[in-house]
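Here's the structure we're looking at; comments come further down.
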Amino acid sequence: MLGRAIYPLTGVGVMLLLWQAYTKLFAVSRIVLPSPADILLASIARYDILLRETWPTFLESVYGFALAVAIGIPLAVCVANSRVLNLTLYPILVATQSVPKVAIAPIILVWFGLGIESKLAIAFLVAFFPIVVDTARGCSRPRRGCSISPVRSEHPRFRCLRRCSSRQRFRSYFRARRSPLRWPSSAPSSASSSDP
Amino acid sequence: VSGLGNLLLTANSQLDSALAWAALVWLSFLGILLFAAVALAQRLLMPWAAAGHA
């Protein structure tokens, strides 16, 4: 475990060292670019205010994400199982994604005010599209013919399909096909999209 | 109005760059924490999916 953690820690460490050296060597103004040591000192000195302000941000992120999951996953199941819905909704989904969040932030502020609602809306918009697209991909995966592709997220129940008799394969295929969720094979796709 | 973003804006407007950067660093820690939470949920709920890729 530690063996693997070495690499990212080294990467961060080297970056911080270079940063520190740069700000000291070139006497960069503290206002333009504070050194990592300055930042560390500031976050120690003001840890109370930082901690206090972390909580609302945390809640906003989690609520927005939960909202995106609650709306995105059912929508993804619909999109993955209905050609009409897929063709109808996809342009709208792409539109919600392609508009820069910074550009709609003022509108969101007008709609939802300065409270938590406007942040929820932004967090929702950020998380929504990847969740819908990747879940829809996971849901429609077993449909591509009988051979469920041996993907990494394959559920053990379906793993036998590649080896077992064609009859069984057929049956499992239909069982998989009848469930619109493709649960649980589709689940890892949702999670992969939830990764920030 | 509250939250790390607000703190960042306030600190920036007061030329307190160190505090603004501190808020950024805390934000990134928050991001790593939430990422790890999703990865953990995946490991617990869908152990058959490749553990490493999350």
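These figures come from a predicted structure and were not determined experimentally. In what follows, every chain begins at residue 1, and chains take the letters A, B, ... in the order their sequences are listed.
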Nearest 0.5 Å, please: how far is NZ in A:Lys101 from CD1 in A:Ile108? 9.0 Å

Shortest non-hydrogen pair, B:Asn6 vs B:Thr10, comes out as O-OG1, 2.7 Å

Chain A contact via [X] - side chain, backbone, both or neither, heavy atoms under 4.5 Å:
X: B:Trp26; answer: side chain
X: B:Leu27; answer: side chain
X: B:Leu4; answer: both

Check whether A:Leu51 gets within reach of chain B through its side chain, its backbone, both or neither, counting any heavy atom under 4.5 Å. both

Non-hydrogen atoms of chain B under 4.5 Å away: do they reach the side chain of A:Ser35, the backbone, both or neither? neither

Specify whether A:Phe26 and A:Tyr22 have parallel, tilted or perpendicular ring planes, treating 30° as the upper limit for parallel and 60° as the lower limit for perpendicular. tilted

With chain B, the option among A:Leu50, A:Thr57, A:Asp38 that has the most non-hydrogen atom pairs under 4.5 Å is A:Leu50

Any salt bridge between B:Asp16 and A:Arg30, counting N to O under 4.0 Å? no

Each residue besides B:Leu15 in its hydrophobic cluster should be listed here, by chain and number; the cluster joins Ile, Leu, Val, Met, Phe, Trp and Tyr at side-chain heavy-atom distances under 4.5 Å. A:Ile31

